[in-house]
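Working notes, beginning with the structure itself.
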Amino acid sequence: MLTVAVLISGTGSNLRALLEAAADPAFPARIVVVGADRQADGFAHAEAFGIPTFLVPFREFETREQWGEELDRQLRVWNPDLVVLSGLMRLLPASVVDAWAPRIINTHPAYLPEFPGAHGVRDALAAGVTQTGASVIVVDNGVDSGPVLAQERVAVLPDDTEQSLHERIKPVERRLLIDVVRAVASGELQLSAVASDAAAS
Ligand code: GAR
């Protein structure tokens with residue numbers, strides 16, 4: 001059984017979907033802990049499922065590196081097989097990425113490499129594209145630049161707002177995330193092979 005730590009910053013709707021999927025005894029992964037960089041609303045989902053939580057408040061550390069050290073220390077307590085960034089809105093310091101790579105994945109509300117960064121939905125709307133998407137990637141030391149594990153297109157509608165578009169992207173992200181976690185857990189998808197292929201290309 002693959003053990004998973006999920007890191008969030010916000011409402012945790014994608015976390016919720018993963019918790020629901022993992023509650024099925026046939027699902028090959030279990031969420032062992034949920035962590036956040038701030039007092040995130042999404043903690044309520046973890047609590048509803050009886051999953052432990054930890055908080056490493058970014059603002060209470062002088063440097064990103066110090067914050068990362070504490071985050072890493074907390075993760076090591078649970079020693080998960082996989083770390084899922086599900087709406088964690090902070091860049092991890094290289095020390096954390098290097099410690100967990102390639103067993104660390106991220107969901108992003110755009111069709112990477114299009115529109116990386118903290119405002120993937122807003123940036124797609126501002127660019128006037130007719131299609132954007134959702135992606136699940138392996139985290140590397142760039143901004144949303146790691147190898148893509150799964151992605152799917154989502155249409156941008158003429159009257160879309162950032163919120164309406166994001167709400168249409170999120171169900172796609174959830175499905176992709178659950179599929180990727182299942183594939184990693186079953187051994188169908190090997191993150192080390194994906195990362196070494198990316199390094200070789
Ligand atoms: C998700 O759309 C996730 O992809 C995005 O934040 C949202 C979190 O929603 N993450 C990023 O933009 C990271 N660059 P949720 O808290 O409701 O799951």
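Just follow the structure's listing: the first ligand is 1, and inside any ligand the first atom is 1.
Nearest protein heavy-atom neighbour of atom 4 (O) of ligand 1: Glu173 OE1, 2.4 Å. Nearest protein heavy-atom neighbour of atom 12 (O) of ligand 1: Pro109 CD, 3.3 Å. For atom 7 (C) of ligand 1, the closest non-hydrogen atom of the protein is His166 NE2, 3.8 Å. Looking only at heavy atoms of the protein, atom 6 (O) of ligand 1 is closest to Gly87 CA, 3.6 Å. Remark: minimum distance from atom 13 (C) of ligand 1 to any protein heavy atom is reached at Met89 SD, 3.7 Å.
Backbone and side-chain nitrogen or oxygen atoms of Ser86 are examined, and none is located within less than 3.5 angstrom of a nitrogen or oxygen of ligand 1. For a threshold of 3.5 Å applied to N or O pairs, the pair formed by Gly12 and ligand 1 contains at least one separation below that value.
Taking both residues in full, the closest heavy atoms of Arg182 and Asp179 are given as NH1-OD1, 3.1 Å, listed atom of the first, atom of the second, then distance. Shown here for Phe43 and Gly35, the closest heavy-atom pair between the two residues is CE2-C, 4.2 Å. Nearest approach of Ser86 to Leu177, heavy atoms of both residues: OG-CD2, 4.3 Å.
Salt bridge Glu69/Arg73: absent, no basic N to carboxylate O contact under 4.0 Å. A salt bridge does not link Glu173 with Lys170: none of the charged nitrogens is closer than 4.0 Å to a carboxylate oxygen.
Within the structure, the closest approach of Thr107 to ligand 1 falls below 4.0 Å when heavy atoms are considered. Not a single heavy atom of Ala40 lies less than 4.0 angstrom from ligand 1. A heavy-atom separation below 4.0 Å is not found between His119 and ligand 1. Not a single heavy atom of Gly120 sits under 4.0 Å from any atom of ligand 1.
Below 4.0 Å from some heavy atom of His108 lie the following atoms of ligand 1, by number and element: 4 (O), 14 (N). Near Gly117, with a cut-off below 4.0 Å to any heavy atom, the atoms of ligand 1 are 14 (N). Within ligand 1, counting atoms from 1 as listed, the ones closer than 4.0 Å to a heavy atom of Ser13 are 15 (P), 16 (O), 17 (O), 18 (O). Close contacts between ligand 1 and Asn14 involve ligand atoms 1 (C), 18 (O) [criterion: under 4.0 Å to a heavy atom]. In summary, the atoms of ligand 1 found under 4.0 Å from a heavy atom of Thr11, numbered by their order in the structure, are 15 (P), 16 (O), 17 (O).
In this structure, Arg30 contributes its side chain and Met1 its backbone to no donor-acceptor pair below 3.5 Å. Arg168 places a side-chain N or O within donor-acceptor distance of the main-chain N or O of Ala155, the cut-off being under 3.5 Å. Proximity of a side-chain donor or acceptor of Ser135 to a complementary backbone N or O of Leu112 within less than 3.5 Å is detected.
Each of Leu71, Asp37, Leu7 was scored for a side chain to side chain contact (heavy atoms under 4.5 Å, CB included) with Val56, with one residue passing: Leu71.
Remark: Arg153 is positioned above the aromatic ring of Tyr111, its terminal NZ or CZ atom under 6.0 angstrom from the ring centre and at most 45 degrees off the axis.
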